[in-house]
Amino acid sequence: MSSPSTASTSHVSRGDTPGAGSPPRQPVSGRHLWQQALNQTLPVMFGYIPLGAAFGVLFTQLPLSPWLGLLMSLVILAGAGQFLAVALLGAGAGITEVFVATLLLNSRHLFYGLSLLERFRAAGLGKLYLIFGLTDETYSLLASLPRSGERDDPVARRDDQRLMLRITFLNQSWWVLGTLLGLAAGQLSFDSSGIEFALTALFVVLGIEQWFALRERWPFMLGLLVTLAGLWLLPEDQLLLGSIAAACALLLGQYHYQRGKHQPHVTPAPRDDHPPQDSSGARQTEHTQASEHTIP
């Protein structure tokens, strides 16, 4: 998505690093960074508040304290993983199933978050919060931010990190605000039937995005086949874990097969049974052969 006001991150452009005789670069004011972070996160706010409210309403249908839902948004911040946890807990799933499903669902953060580790370097304790608050939407914003200066400029790097911290904090604030609104609405007497479809709709949207993002279609067909086979072969209480385990095993097997298929085959060099001769031995042999040919 396009991000407003990203070009004015600092007073010094990438090519205008201070040189000899120039005044030292001054950090960007905190007020300017907060304003820029607010402009960046406004599109996320319009999505996070409704989704967070739907999560809050769904959580009130569980036989748990509503404050646990708020605590989940504060210390877990998993987005789709929170919806999945509510659905599994409502269906009577065990802690193991919830843990494994949430771990696999959010494991994608481990991979695309690697591209931001260099920008998180030397961020101090803020690095831990940047890693914790990395959601899909936050990653999109942080990855699209231009650098405010050269990599070796400590002031520019610090300005980048201060802006990223504010963006991450505001995105979590929108999600927590939506959760609070949903928890409050869940205490009112109104018919909330059908709101649980928000989870299904969310995963349908994520699936459609992956369908167009990936060039290969076989992972989707594999997931469908594994699910149908699990419905037929596995008991209901083991369907989720069994299907996930089978799909992961098949994907890993296919990955190793493709890796071995495209790996170049190295033909071993022919073995030389004759020991190498030094230069003096080679000259002696040539001299002997020459003498044999010259003697009548």
Original post:
Looking at side-chain heavy atoms only, is the closest gap between Asp136 and His109 below 4.5 Å?
Top reply: yes

Original post:
Within a reach of under 6.0 Å around CG of Leu252, are more than 12 heavy atoms found that belong to other residues, nucleotides or ligands?
Top reply: yes

Original post:
Any side-chain heavy atom of Phe83 within less than 4.5 Å of one from Leu51?
Top reply: yes

**OP:** Could you give me the CA-CA distance, side-chain angles and deciding distance for Trp34 and Leu38, then say whether side chain to side chain contact (heavy atoms under 4.5 Å, CB included) is met?
**Re:** CA-CA 6 Å; Trp34 278 115; Leu38 179 63; over 6 Å; no

Subject >> Heavy-atom check, side chain of Gln40 versus side chain of Leu145, under 4.5 Å >> reply: yes

**OP:** Evaluate whether atom CZ of Phe169 has more than 12 neighbouring non-hydrogen atoms of other residues, nucleotides or ligands under 6.0 angstrom away.
**Re:** no

**OP:** Using side-chain contact (heavy atoms from CB on, under 4.5 Å) as the criterion, list what pairs up with Met72, not counting sequence neighbours.
**Re:** Phe55, Phe59, Ile76, Gln82

Original post:
Rounded to the nearest 0.5 Å, how far does CG of Leu58 lie from OG1 of Thr60?
Top reply: 7.5 Å

**OP:** Kindly write out the residues that satisfy salt bridge (Lys or Arg N to Asp or Glu O under 4.0 Å) with Arg158, not counting sequence neighbours, or none if the list is empty.
**Re:** none

Original post:
Does a side-chain N-to-carboxylate-O contact under 4.0 Å join Arg162 and Asp159?
Top reply: yes

Subject >> Residues in side-chain contact (heavy atoms from CB on, under 4.5 Å) contact with Leu117, at least two apart in sequence or another chain >> reply: Leu114

Subject >> Test item: Phe99 and Leu103 side chains (from C-beta on) under 4.5 Å apart, heavy atoms >> reply: yes

**OP:** Please test Val44 against Trp175 for side chain to side chain contact (heavy atoms under 4.5 Å, CB included), starting from the C-alpha separation and ending with a verdict.
**Re:** CA-CA 9 Å; Val44 178; Trp175 181 260; over 6 Å; no

Original post:
Is the count of non-hydrogen atoms from other residues, nucleotides or ligands lying under 6.0 Å from Phe132 atom CZ greater than 12?
Top reply: yes

**OP:** For side chain to side chain donor-acceptor pair (under 3.5 Å), just list the numbers for Tyr48 and Ser173, CA-CA rounded to whole Å, side-chain angles, deciding distance to a tenth of an Å, and then say yes or no.
**Re:** CA-CA 9 Å; Tyr48 268 16; Ser173 300; over 6 Å; no

**OP:** Applying side chain to side chain donor-acceptor pair (under 3.5 Å), name anything that partners Gln35, two or more places apart in sequence or on another chain.
**Re:** Asn39

Subject >> Contacts of type side chain to side chain donor-acceptor pair (under 3.5 Å), residue Thr102, not counting sequence neighbours >> reply: none

**OP:** Among residues two or more places apart or on two chains, list those pairs meeting side chain to side chain donor-acceptor pair (under 3.5 Å) that have a residue in residues 243-253.
**Re:** none

Subject >> Leu251 side chain near Trp218 side chain, heavy-atom distance below 4.5 Å >> reply: yes

**OP:** Compare all side-chain heavy atoms of Arg121 with those of Arg157 and state whether any distance is below 4.5 angstrom.
**Re:** yes

**OP:** With side chain to side chain contact (heavy atoms under 4.5 Å, CB included) as the test, would you mind laying out the steps for Arg119 and Met164 before giving the verdict?
**Re:** CA-CA 10 Å; Arg119 299 187 72 174; Met164 290 189 290; 4.2 Å; yes

Subject >> Closest non-hydrogen atom pair, Ala37 against Ile167 >> reply: CB-CG1, 3.8 Å

Subject >> Side-chain touch Thr168/Leu142, heavy atoms, less than 4.5 angstrom >> reply: yes

Subject >> Gap separating the CE atom of Met45 from the CG atom of Asn171, nearest 0.5 angstrom >> reply: 11.0 Å

